[in-house]
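The chain is numbered in sequence order, starting from 1. Whatever order the structure lists ligands and atoms in, that order sets their numbers, starting from 1.
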Amino acid sequence: MKKNQNIIIIGGAGYIGSVVSDFFLKKNYTVISIDNLIYNQKKPGKKKNFKFINSNFSKLSKIDKFINYNSVVILLAGLVGDPITKKYPKISKKINETSMIKFINLCFEKKVSHLIFVSTCSNYGISNTKKMVNENSKLNPLSLYANSKIRIEKYLKKKNKKNKVKTTILRFATAFGLSKRMRFDLTINQFVREIYLKNNLEVYDTGTWRPYCHVNDFAGAIYKTIMKKDINLFDIFNVGSNKNNFTKENIIKKINKFIKIKNNVTFVGETKDHRNYKVNFSKMKKNLNFAPKYDVNYGIREIVNALKNKKFLELNQSKDLYGNYKIKNNLK
Ligand SMILES: NC(=O)c1ccc[n+]([C@@H]2O[C@H](COP(=O)([O-])OP(=O)(O)OC[C@H]3O[C@@H](n4cnc5c(N)ncnc54)[C@H](O)[C@@H]3O)[C@@H](O)[C@H]2O)c1
């Protein structure tokens, strides 16, 4: 990765994309962020070395001119999460599969310098939690969301056999932490906010395992991936830390150290979400020398502090603030 290369972030106004954009701008890269603000979220502000294009990434004629052999393309866009993809299955397939394939074809035609597709550890779905799953483990998708990710992963693998474009798939753990485009529909963020505000919180599937990773660390992981000179032409990495696999009950106990929980938290049992997986992240550590810097306690503390400073108090799902609850009506 050279300094004169452009970083193209598809989905750059999202929860993770906003943090990744700022991370690369701080390192003096030129960032082009392409996002259609599907949740009516705020447009990113003007900044030096930064261009924001308010567009659907499927509008190739509009974005084609920004992508060339010198581009590092980070693919974050899509309908993200099980609930939102379940709510809009047709739109979800269109964005997460049809449009994604169209866009990937463009990147291959242009022979971009590096293509990074952000996937998810949700692909592992359900596993024997006595053992940690790794990149070679069987995938067990339990949702449309994960099925679409796996379809794209397979497409990229096949495509890469014929056309040599450096391609890396990063399977992210579940994110937490602060971002300019905040999401309170993610486990840790949601639990902290509800408990802080003394709202009733029903915790389902308390004993199920999941890996977590701070949103800042994802930016760091992408950076390590881009900077690795002799990275394989095609590879897959889990992104997170072996130490950050937790059950929901573990997370509640951690939050309790910061905010004393009274009787507003109810454990409901094993009903809603059957995902259960412990993930091994050793490959990323060994090959790319990546280890997360921010632990769960850090994330809890920063969200509590933001709430104490009266941020994010006006959460209103019908207004669609701070989460992937409802997409805008005038979708183009
Ligand atoms: N947040 C997590 O816990 C998590 C975990 C694992 C993987 N990931 C992956 O990371 C990526 C980013 O997730 P996020 O949490 O930032 O989600 P997000 O919903 O906040 O961001 C997605 C962004 O994509 C944009 N978008 C959607 N459809 C678009 C389209 N057709 N054209 C242009 N822009 C479009 C949205 O406006 C949004 O800004 C996703 O690929 C997701 O699968 C996230």
Report the nearest protein non-hydrogen atom to [atom]: residue, atom name, distance rounded to 0.1 Å.
{"atom": "atom 32 (N) of ligand 1", "result": "F57 N, 3.0 Å"}
{"atom": "atom 11 (C) of ligand 1", "result": "L76 O, 3.3 Å"}
{"atom": "atom 27 (C) of ligand 1", "result": "G78 O, 3.3 Å"}
{"atom": "atom 9 (C) of ligand 1", "result": "V118 CG1, 3.6 Å"}
{"atom": "atom 7 (C) of ligand 1", "result": "S119 O, 3.2 Å"}
{"atom": "atom 31 (N) of ligand 1", "result": "N56 OD1, 2.9 Å"}
{"atom": "atom 36 (C) of ligand 1", "result": "D35 OD1, 3.4 Å"}
{"atom": "atom 44 (C) of ligand 1", "result": "I16 CD1, 3.6 Å"}

Test item: [X] and [Y] side chains (from C-beta on) under 4.5 Å apart, heavy atoms:
{"X": "I222", "Y": "F24", "answer": "yes"}
{"X": "F191", "Y": "I300", "answer": "no"}
{"X": "T206", "Y": "T247", "answer": "no"}
{"X": "K102", "Y": "L60", "answer": "yes"}

Problem - Distance (rounded to the nearest 0.5 Å) between I101 CD1 and L106 CG - result: 14.0 Å
Problem - Separation between CD1 of I9 and OG of S18, rounded to the nearest 0.5 Å - result: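 Atom-to-atom, I9:CD1 and S18:OG are 9.0 Å apart.
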Which is it for [X] and ligand 1 at heavy atoms under 4.0 Å: side chain, backbone, both or neither?
{"X": "Q41", "answer": "side chain"}
{"X": "N324", "answer": "side chain"}
{"X": "A173", "answer": "backbone"}
{"X": "L186", "answer": "side chain"}
{"X": "S55", "answer": "backbone"}

If you count the atoms of ligand 1 from 1 in the order shown, which ones are under 4.0 Å from a heavy atom of [X]?
{"X": "V80", "value": "13 (O), 17 (O), 19 (O), 40 (C), 42 (C), 43 (O)"}
{"X": "L37", "value": "37 (O)"}
{"X": "T120", "value": "6 (C), 7 (C)"}
{"X": "F172", "value": "6 (C), 7 (C)"}
{"X": "R181", "value": "18 (P), 19 (O), 20 (O)"}
{"X": "A13", "value": "39 (O)"}
{"X": "Y39", "value": "19 (O)"}

Nearest neighbour of [atom] from the list [options], on a heavy-atom basis:
{"atom": "atom 14 (P) of ligand 1", "options": "R210, R183, M100", "value": "R183"}
{"atom": "atom 8 (N) of ligand 1", "options": "F218, Y15, Y145, F117", "value": "Y145"}
{"atom": "atom 35 (C) of ligand 1", "options": "I63, I10, N36", "value": "N36"}
{"atom": "atom 2 (C) of ligand 1", "options": "G14, A175, A146, S179", "value": "A175"}

Handout entry: Side-chain ion pair, K62 and D64, N-O less than 4.0 Å
Key =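 Salt bridge absent between K62 and D64.
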Does [X] make a cation-pi contact with [Y] (under 6.0 Å, within 45 degrees of the axis)?
{"X": "K43", "Y": "F52", "value": "no"}
{"X": "K283", "Y": "F237", "value": "yes"}
{"X": "K51", "Y": "F66", "value": "no"}

Backbone N/O of [Y] and side chain of [X]: donor-acceptor pair under 3.5 Å:
{"X": "K47", "Y": "D22", "result": "no"}
{"X": "R193", "Y": "F312", "result": "yes"}
{"X": "T168", "Y": "D235", "result": "no"}

Exercise for the section: Evaluate side chain to side chain donor-acceptor pair (under 3.5 Å) for N140 paired with Y277, printing each intermediate quantity in order. Expected result: CA-CA 10 Å; N140 272 316; Y277 44 92; over 6 Å; no
Practice task
Answer yes or no: does an N/O atom from I38 fall short of 3.5 Å to an N/O atom of ligand 1?
Solution key: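 Yes, at least one N or O pair falls under 3.5 Å.
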